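Reading through the structure tokens given below for one structure.
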Amino acid sequence: MEYPVPPAILNGRDLRSADLESDLPGALLRTYAWMGAARTADNRILDLFRQGLIRGTVTGGQGNEGLCVPLALLADKAVDVISITHRGLGAHLIWSGHLVDHLNQYFANAASPTKAREGNVHHGDPAHRSLPMISHLGIMVSNVVGATDSQRRLGRPAMGFAFMGDGSSSTGDVHESLNLATLLGLPVLFVIENNRYAYSTPVSEQYAGNVELWRRAAGYGIEGRQLDCTADVAATLRVFAQAIADVRRTQRPLLLECHTLRLRGHAAYDTCDYLRPGEADAMAAADPLPKLRARLAADGHAKKLDALDAEIAAWVEACIQVALAVPRPDPAGMEADLFAPPTAPIPWIPSIDSEPPTQNSKPKTESLTMAQALNHALRKILAERPESLVLGQDIATYGGAFKVTEDLLKEFGRPRVMNLPLAESGSTGYAIGLALNGHRPIEEFQFADFSTEATTQIVLNAGTMHFRSGAKVPLVLRLPCGGGLTFGSFHSQELESFYLSIPGLKALYPSNPQEAFNALLAAYEDDNPVLLFEHKGLYRRGKHPVTWDPHYRDVWHPRCVRPGDYATFVTYGEMVLLAGEVCDYFAAEYEHNFELWDLRCLSPLDLGPIRESLARTHRLVVLHEGRRTHGFGAELVARLTEEYFFSLEAPPLRLGALDLPVPFAPELEAVYRPTKDKVINAIANWLG
Ligand SMILES: Cc1ncc(C[n+]2csc(CCOP(=O)(O)OP(=O)(O)O)c2C)c(N)n1
Ligand SMILES: [Mg+2]
């Protein structure tokens with residue numbers, strides 16, 4: 001594909017504050033050229049949408065160029081981090097790539113940067129720290145905080161640019177991110193693109209009338225400023241240059257409310273009936289682009305501008321023709337791209353504690369609880385992998401609600417063992433940002449139940465990242481889960497089917513200390529977000545020998561706990577222990593030997609060995625602690641029996657909890673959960 005050569009002035013993608021002093025006309029001409037290119041492209045994209053050549057939701061940036069173009073020109077694209085909104089085509093054009101690349105995204109063709117798996121402006125350039133957008137507004141802001149921190153940890157003089165609309169500024173993630181960035185002292189410029197509307201909702205219905213958004217900064221203890229980006233582009237450039245210099249100098253966040261415009265309504269289909277009479281005309285009159293043109297023309301550049309406009313229009317047309325000629329996307333490889341491909345194992349020191357065994361000694365074995373085994377694994381990871389860090393609520397000084405992170409702070413210090421505020425979504429978004437930039441965070445949720453606060457970040461952002469952008473999110477999410485401890489509905493849930501009903505996440509669920517140790521190493525070295533379900537009832541269920549296991553990666557596959565020929569019994573987590581006792585009972589009382597399988601890995605599912613077992617036994621029992629309806633067992637039974645249906649000697653048996661919130665009192669919870677007696681009775685009835 002040959003890319004049309006851009007007008008020479010567009011070869012310059014940078015402006016520095018010194019340029020504003022030494023050659024203001026040149027700086028303004030360059031800004032005008034980029035604003036004009038963005039406007040022309042946005043207008044043509046709208047036409048192409050109306051012709052049916054572009055699909056989806058075309059949300060133009062017409063009117064916002066006076067904001068996003070100056071900022072993108074002033075940013076240091078070699079180190080800074082940015083997340084651009086759906087009004088920022090101009091910033092995309094400046095940050096990286098060629099107009100054709102961006103048009104390919106809109107046309108969703110074979111050369112689209114998201115491989116046509118996402119549309120509109122939902123692309124970025126993660127390799128160059130432009131973090132791709134998902135539709136869910138406010139979500140990317142914390143990613144910028146994380147990636148900026150990652151840059152700082154790597155010793156790079158970067159700052160972050162986190163954009164949001166006036167509507168998006170109402171989301172919890174924006175609040176959480178402002179708080180987090182201030183708490184951590186991170187150089188992030190939070191930019192509110194206030195165009196006075198969120199779709200059809202005017203600011204008067206978005207926040208109380210007497211509020212000015214920039215004043216919110218005071219509540220976080222940072223500085224806030226406001227700026228009218230529709231007035232004078234030279235002034236805008238100076239204010240932005242100052243704000244950028246201040247953020248770099250203070251290494252603190254700054255909140256900048258920018259008054260801007262949305263000239264073509266919310267999206268291509270918006271009829272804008274909700275505008276007040278005369279409002280559209282007033283917006284058109286405030287448009288900074290013609291104002292800048294008039295100023296430059298008055299300064300004697302009229303001819304140059306005519307030529308430049310013509311050159312830009314011809315270039316945009318030529319780019320459209322090139323992008324239109326690209327073939328439609330190929331569905332091949334879609335499924336393979338859900339996850340980042342496997343990597344080579346990390347060269348771990350072959351011991352559980354990073355002390356290499358001497359030549360003749362065998363690897364050390366220690367008797368550990370599961371909580372201690374996890375602590376050992378975390379210590380090993382922190383000691384051997386500089387890109388690792390452990391974060392979560394109360395995990396530093398306190399050592400975590402279940403003491404799994406005990407003493408790690410003492411050994412590794414605060415930047416690598418970090419308490420986070422009570423803000424699961426922003427914190428997870430921060431961790432995603434770190435992971436996108438090469439760090440490998442391990443985040444502890446105090447209880448798995450609280451991870452639902454971060455569902456969008458986990459499932460829709462991290463879980464879809466590789467599929468839609470090719471970027472890797474190596475992130476371990478530790479989820480203390482499960483019941484039986486009288487903790488009630490909000491501290492006892494099993495969330496595997498909740499999370500795994502949407503593709504994109506890997507999940508391990510160890511059932512003993514050795515497997516927990518292995519699972520944490522395996523999860524850590526994976527380039528995808530991995531949920532690590534840790535049953536709280538197993539944390540201190542006795543001590544068991546834990547040693548270095550060179551086959552630690554086997555946790556991605558099921559394990560045969562005991563062989564048998566009568567039935568295939570599949571379970572995972574704490575239920576493995578219960579199932580073992582149930583198998584003992586049926587071996588003793590019925591002389592039926594069940595072949596017990598510990599699934600270990602819930603995603604990606606490897607059912608091959610279990611299918612082989614079922615081909616021998618012809619009977620299937622599936623047990624899990626979570627609720628039955630939409631439970632993980634439904635998936636297991638369906639997948640396992642669709643192949644062997646006609647050779648089964650009995651209907652499959654699916655056992656789980658009642659379809660209720662987890663009740664609190666032990667007497668009630670015992671009725672809710674699968675217990676040994678209930679499972680034995682159910683199987684005995686099934687045997688007939
Ligand atoms: C969390 C979330 N809720 C709803 C939407 C649907 N939606 C898309 S754009 C939009 C308005 C956004 O307004 P604002 O943040 O002011 O940005 P603007 O479009 O004005 O630039 C809405 C409600 C969304 N994308 N994300
Ligand atoms: Mg808005």
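When a ligand or atom number is given, it counts from 1 through the structure's own listing order. Keep in mind that what you see is a predicted model, and the values were worked out from it rather than measured.
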Output, in order, the C-alpha distance, side-chain angles, deciding distance and verdict of side-chain hydrogen bond (donor to acceptor under 3.5 Å, both in side chains) for Asn120 and Tyr106.
-> CA-CA 5 Å; Asn120 319 121; Tyr106 279 90; over 6 Å; no
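Ionic pairing of Arg117 and Asp337 is present here: one or more N-O contacts between side-chain nitrogen and carboxylate oxygen are shorter than 4.0 angstrom.
No donor-acceptor pair closer than 3.5 Å links the side chain of Ser469 to the backbone N or O of His466.
For Phe533, the ring pair (Phe, Tyr, Trp, His ring centres under 6.0 Å) criterion is met by Tyr509, not counting sequence neighbours.
Between Phe339 and Phe467, the gap from one ring centroid to the other reaches at least 6.0 Å. The aromatic ring centroids of Tyr220 and His175 lie less than 6.0 Å from each other. Aromatic rings from His102 and His123 are positioned such that their centres are separated by under 6.0 Å.
Taking a cut-off of 2.8 Å, the protein N, O or S atoms nearer than that to the Mg ion (ligand 2) are Asp166 OD1, Asn195 OD1, Tyr197 O.
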Identify each donor-acceptor pair in which a side-chain atom of residues 183-194 lies under 3.5 Å from a protein atom, sequence neighbours left out, and give them as a table.
residue	atom	partner	partner atom	Å
Glu193	OE1	Thr85	OG1	2.8
Glu193	OE2	Asn64	ND2	3.2
Asn194	OD1	Arg196	N	2.9
Asn194	ND2	Tyr207	OH	3.2
Asn194	ND2	Glu257	OE2	2.9

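Gln457 and Ser142 make their closest contact through NE2-OG, 3.1 Å (heavy atoms, listed as atom of the first residue, atom of the second, distance).
At a heavy-atom cutoff of 4.0 Å, ligand 1 is surrounded by His86, Arg87, Ser135, His136, Leu137, Gly165, Asp166, Gly167, Ser168, Asn195, Tyr197, Ala198, Tyr199, His266.
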